[in-house]
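Worksheet: one structure, shown below.
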Amino acid sequence: MMKRILSWLSASAIVIFARLITAVHARWQGCEPRETQRIYYANHCSHGDFVLLWTVLPASMRQATRPVAGADYWSGSALKRFIGSDVFRSVLIERNPVNREQNPVAQMTQALDAGDSLIVFPEGTRNTGNTRLLPFKSGLFHLAESRPDVELIPVWISNLNRVLPKGEIIPIPLVCSVTFGAPLLRIPEEGKAAFLARAEQSLLALAMQEAGIDNESMS
Amino acid sequence: MNESRSDLLLLLAGVGGVLIIATVIGQWLALRQKDKAADSQAQVSVIDNLNARINAWWAMVVLIGLAFLGGKAGVIILFGFCSFAALREFVTLTQTRRDDHWALAAAFFVVLPMQYALIWYEWYGLYSIFIPVYAFLLLPMLAALRGSTEHYLVRVAETQWALMICVFCASHVPALLTLQIPGYEGRQVLLIAYLVVVVQISDVLQYVWGKLLGRRRIAPALSPSKTVEGAVGGILSATLIGAMLWWITPFTPLQSAGMALACTLMGFMGGLVLSAIKRDRGVKDWGHLIAGHGGFIDRMDSVLFSAPVFFHLVRYGWDAS
């Protein structure tokens with residue numbers, strides 16, 4: 001009980017802090033904030049990515065949306081374990097294939113079968129370079145294939161990499177946005193490479209739209 | 001203080017009255033729109049935007065009213081937060097990057113709180129030069145220590161500009177509280193009310209005159225909605241309103257008109273300058289936090305430009321120290 005109150009308080013504090021620093025706003029461009037089961041897949045450039053995505057979801061949807069995160073990072077300390085497991089109910093997966101005991105895709109499908117939505121970062125690691133997107137890992141394909149009824153929503157998170165570049169401790173307040181695209185079309189019998197390319201493309205299209213959208217709407 | 005409070009309440013009641021009229025008109029237009037479904041989409045969105053703006057005005061007036069009741073602390077906290085939100089929007093549009101991290105952290109978490117602390121302690125000699133001199137010299141040092149020279153001058157200049165506009169200029173609104181005007185003791189908060197009401201009503205009236213009569217655009221490349229008719233009508237009618245508000249100021253009615261004219265001219269130019277920056281960056285609004293208006297800078301642009309000029313005009317003309 002105590003722990004639940006503490007994790008609720010922490011979640012609220014993290015949401016308030018995220019809003020104070022980033023004034024984050026959601027653009028529901030291709031879908032509505034509805035309580036259907038979804039897999040949100042987003043670009044990854046900061047440890048704060050899933051916090052931002054989680055923050056802009058309506059409170060009722062947050063309860064049932066779990067981020068998928070690297071166990072190596074989020075088991076690092078007692079505080080990280082508390083935030084990762086208790087506050088955000090993360091699905092912690094082992095990223096290194098050599099010494100892992102559980103199959104990440106099985107862990108994720110398990111969470112889906114329990115009725116929750118997921119936040120995944122198919123790049124697999126934080127993108128700190130100059131390219132917009134790293135090549136997707138195959139996990140997204142296997143996950144999508146095993147649960148074909150769950151909506152796949154591309155989500156572009158902008159500017160967070162400037163708030164807290166790798167290696168810095170103090171976040172710089174900057175306006176961030178989270179853009180939700182249309183559900184990815186599901187094509188039966190589609191191969192892995194084609195599927196991943198299509199998923200990358202639709203996320204990149206959101207990024208382009210996000211960058212250029214204000215030019216177009218300027219009247 | 002009692003007299004000041006009753007004047008303030010009278011002024012707030014007046015603003016509330018104007019907002020009630022605006023709300024009634026806005027709702028009536030929206031209702032009429034519903035009946036005539038054939039109207040164009042553009043008209044519908046203008047009316048939606050108008051009502052969003054009016055609603056946001058209610059929230060802003062309530063917030064400012066509360067800050068006034070909170071006295072000096074309330075006003076300094078309110079404008080400190082406005083500076084923070086404005087700086088956040090401004091820096092978002094700059095080309096700053098990793099190598100500016102220390103300089104930006106210092107701007108947000110050292111320079112901004114320092115400036116407002118100096119206003120709190122009424123240290124005029126330092127808050128007047130803290131950002132133009134000390135921050136101006138310190139921040140390029142921090143950026144240089146990071147070692148990157150790419151676009152160095154652009155990045156350093158952008159950061160300084162952001163601080164000057166969003167922190168230095170904005171802090172001159174609460175600084176009005178520190179003026180010592182014989183016969184006007186304890187009423188300085190009314191100077192803030194005067195400045196904000198005159199400059200903002202000028203923006204509103206420019207919008208209204210522009211929508212009613214606007215033909216010739218002043219600077220189409222900068223701002224599609226600013227017209228000669230809107231600007232002249234708005235500035236003149238706001239000057240008239242400023243003259244009629246002389247009773248809350250230390251000015252005579254004629255002086256009050258002159259002050260209002262100076263503030264609204266500065267405010268108009270401020271809107272134009274900050275529009276130029278937006279267009280250069282390819283965005284329509286600075287932010288999204290004030291529904292219907294855009295960002296904090298979109299709403300504050302005219303106040304930011306008029307506040308330091310108004311402050312110094314009053315200080316040279318009326319301050320006893």
Side-chain angles (χ1 to χ4, degrees), chain A residues 15-29 33 45-48 51-53 55-56 126-132 156-180 207-219, chain B residues 41-42 45-46 49 81 83-110 112 142 146 148 155 159 162 166-167 217 220-225 275 278-291 294-298:
Chain A
V15 166
I16 290 170
F17 182 71
R19 287 198 183 278
L20 188 68
I21 295 294
T22 68
V24 61
H25 64 132
R27 292 193 176 120
W28 294 90
Q29 222 145 68
C45 17
S46 153
H47 289 306
V51 176
L52 224 54
L53 205 165
T55 297
V56 298
R126 279 181 297 156
N127 176 5
T128 53
N130 288 326
T131 49
R132 278 184 185 272
W156 183 259
I157 300 169
S158 83
N159 250 354
L160 196 60
N161 53 335
R162 287 174 65 202
V163 171
L164 200 59
K166 195 175 186 178
E168 303 291 348
I169 304 163
I170 306 171
I172 302 295
L174 290 172
V175 181
C176 296
S177 70
V178 178
T179 310
F180 295 83
M208 298 301 183
Q209 220 178 348
E210 201 278 329
I213 187 164
D214 292 307
N215 282 321
E216 284 163 34
S217 66
M218 194 161 62
S219 53
Chain B
Q41 197 56 42
S45 68
V46 165
N49 177 264
F81 178 77
S83 274
F84 177 83
L87 191 60
R88 190 172 59 186
E89 290 170 358
F90 202 112
V91 173
T92 302
L93 289 194
T94 62
Q95 299 176 33
T96 52
R97 37 192 225 152
R98 284 202 62 162
D99 308 295
D100 299 293
H101 206 83
W102 293 347
L104 291 176
F108 274 99
F109 301 117
V110 179
L112 189 157
L142 289 176
R146 291 292 292 255
S148 162
R155 294 187 280 118
T159 307
C166 304
V167 183
R217 290 179 177 178
L222 266 59
S223 172
S225 58
S275 279
K278 280 193 292 188
R279 296 301 174 253
D280 176 35
R281 295 272 147 240
V283 299
K284 184 171 161 287
D285 290 322
W286 284 97
H288 56 89
L289 280 179
I290 310 180
F296 272 74
I297 301 181
D298 291 294

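Within every chain, numbering begins at 1; the chains are lettered A, B, ... in the order of the sequence lines, protein sequences first and strands thereafter.
- A 6.0 Å sphere centred on CZ of A/Arg126 holds more than 12 heavy atoms belonging to other residues, nucleotides or ligands.
- Considering all non-hydrogen atoms of both residues, A/Ala23 and B/His288 come closest at O-NE2, 2.9 Å.
- How far OG1 of A/Thr22 is from CZ of B/Arg88: 7.5 Å, rounded to the nearest 0.5 Å.
- Within the 4.5 Å cutoff, side-chain heavy atoms of B/Phe84 are placed close to those of A/Leu20.
- Contact annotation for B/Phe81: only side-chain heavy atoms (C-beta onward) come within less than 4.5 Å of a heavy atom of chain A.
- In terms of modelled atom types and a separation under 3.5 Å, the side chain of A/His25 and the main chain of B/Leu289 share no donor-acceptor contact.
- B/Thr96 pairs by the side chain to side chain contact (heavy atoms under 4.5 Å, CB included) definition with A/Arg162, B/Val91, B/Thr94, B/Asp100, B/Leu104, B/Thr159, not counting sequence neighbours.
- A donor-acceptor contact shorter than 3.5 Å is absent between the side chain of B/His101 and the backbone of A/Ile172.
- Pairing each heavy atom of A/Pro171 with each of B/Phe109, the nearest pair is O-CE1, 3.4 Å.
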